[in-house]
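The block underneath contains the structure these notes are about, expressed in structure tokens.
Quick caveat, the model's predicted, so the values are computed rather than measured.
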Amino acid sequence: MNIRMYHDLEAQLEEEIWALGEEAALTLPIDSDMAEEKAQKAWDLIPEPKHKWGITGVTLHQYVQILNYNSHMQRSVELLNEEILDLEGSGYRIIHAEPYIQMAETLLLQSKPGLAHKYLQKAYSIGSARAFRDQPKLYLKMAKSKALDEQDILLQFAALDVNAKLLSDLKDNQ
């Protein structure tokens, strides 16, 4: 099985998408609704089929983070589900576990540790421990576990404060 190749957009369009993403990052946490609006505009600028462009992954990642920050997890689940279905249906070897990890985090935000566990196990099967190097240790622990104490997982997850981590990551990337 081959590794999927992505294509570049026209430079001006790609720059516009990047600029909107940077504006969205700068807007958080001051105006999270405006940040979401800018991330949505960046997402909408990516031509269909979205999954063939190199910029899609980073744009989706940021958009989902902002949606989750604004407690719009259902929209995140929809977007990530489309991405995962496209990856799994493409016929190419999957080499990036990020959509699975983001889906698991979104499901944890929705208090669904059982489903999150399945996505973390899939992420582990794709990228082993290296896929979790920039993630909370809880995620790798869950990915490796056979059974979960769901209440304990939710308590540990609540202690992570993923919104604070998001803001820290956005600040570091600027």
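Side-chain contact between Leu87 and Tyr92 is absent, with no heavy atoms from C-beta onward closer than 4.5 Å. Side-chain contact between Thr59 and Trp18 is absent, with no heavy atoms from C-beta onward closer than 4.5 Å. Side-chain contact between Leu60 and Lys50: absent, with no pair of heavy atoms (C-beta onward) separated by less than 4.5 Å. In this structure the side chain of Phe157 reaches within 4.5 angstrom of the side chain of Glu105, judged on heavy atoms. Residues Leu85 and Glu82 are not in side-chain contact: their nearest non-hydrogen atoms beyond the backbone lie 4.5 Å or more apart. Side chains of Val77 and Gln74 form a contact here, defined as non-hydrogen atoms less than 4.5 Å apart. Two residues are said to be in side-chain contact when any heavy atoms from C-beta on lie closer than 4.5 Å; Val162 and Leu108 fail this criterion. Between Gln156 and Lys137, the closest side-chain pair of non-hydrogen atoms is not below 4.5 Å.
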Worked verdict on Lys122 versus Met103 for side chain to side chain contact (heavy atoms under 4.5 Å, CB included) | CA-CA 11 Å; Lys122 179 67 175 184; Met103 178 67 94; over 6 Å; no
Is there a side chain to side chain donor-acceptor pair (under 3.5 Å) between His61 and Glu98 once you walk through the steps?
-> CA-CA 8 Å; His61 181 83; Glu98 291 87 1; over 6 Å; no
Report the C-alpha distance between Leu148 and Ser145 in whole Å, list the side-chain angles of each, state the deciding distance to 0.1 Å, and finish with yes or no for side chain to side chain contact (heavy atoms under 4.5 Å, CB included).
-> CA-CA 7 Å; Leu148 294 180; Ser145 70; 3.2 Å; yes
Start with the C-alpha distance between Glu14 and Ile17, add both sets of side-chain angles, then the distance that settles side chain to side chain contact (heavy atoms under 4.5 Å, CB included), and finish with yes or no.
-> CA-CA 5 Å; Glu14 192 162 300; Ile17 293 167; 5.6 Å; no
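Judged by distance alone, the side chain of Gln102 and the main-chain N or O of Leu80 form no donor-acceptor pair under 3.5 Å. Judged by distance alone, with hydrogens and angles left aside, the side-chain atoms of His96 form no donor-acceptor pair with the main-chain N or O of Gly127 at under 3.5 Å. A side-chain donor-acceptor contact under 3.5 Å links Asn70 to the backbone of Ser32.
Looking at every heavy atom in both residues, Ile101 comes nearest to Ala123 through CG1-CB, 3.6 Å. Closest heavy-atom contact between Tyr69 and Pro29: OH-CB, 3.1 Å. Closest approach of Leu120 to Ala143, counting heavy atoms only: O-CB, 3.4 Å.
Between Tyr124 and Phe132, the ring-plane angle classifies as tilted under the 30° and 60° cut-offs.
In the hydrophobic clustering of this structure, Ile55 groups with Leu45; members are Ile, Leu, Val, Met, Phe, Trp, Tyr whose side-chain heavy atoms approach within less than 4.5 Å, directly or through other members.
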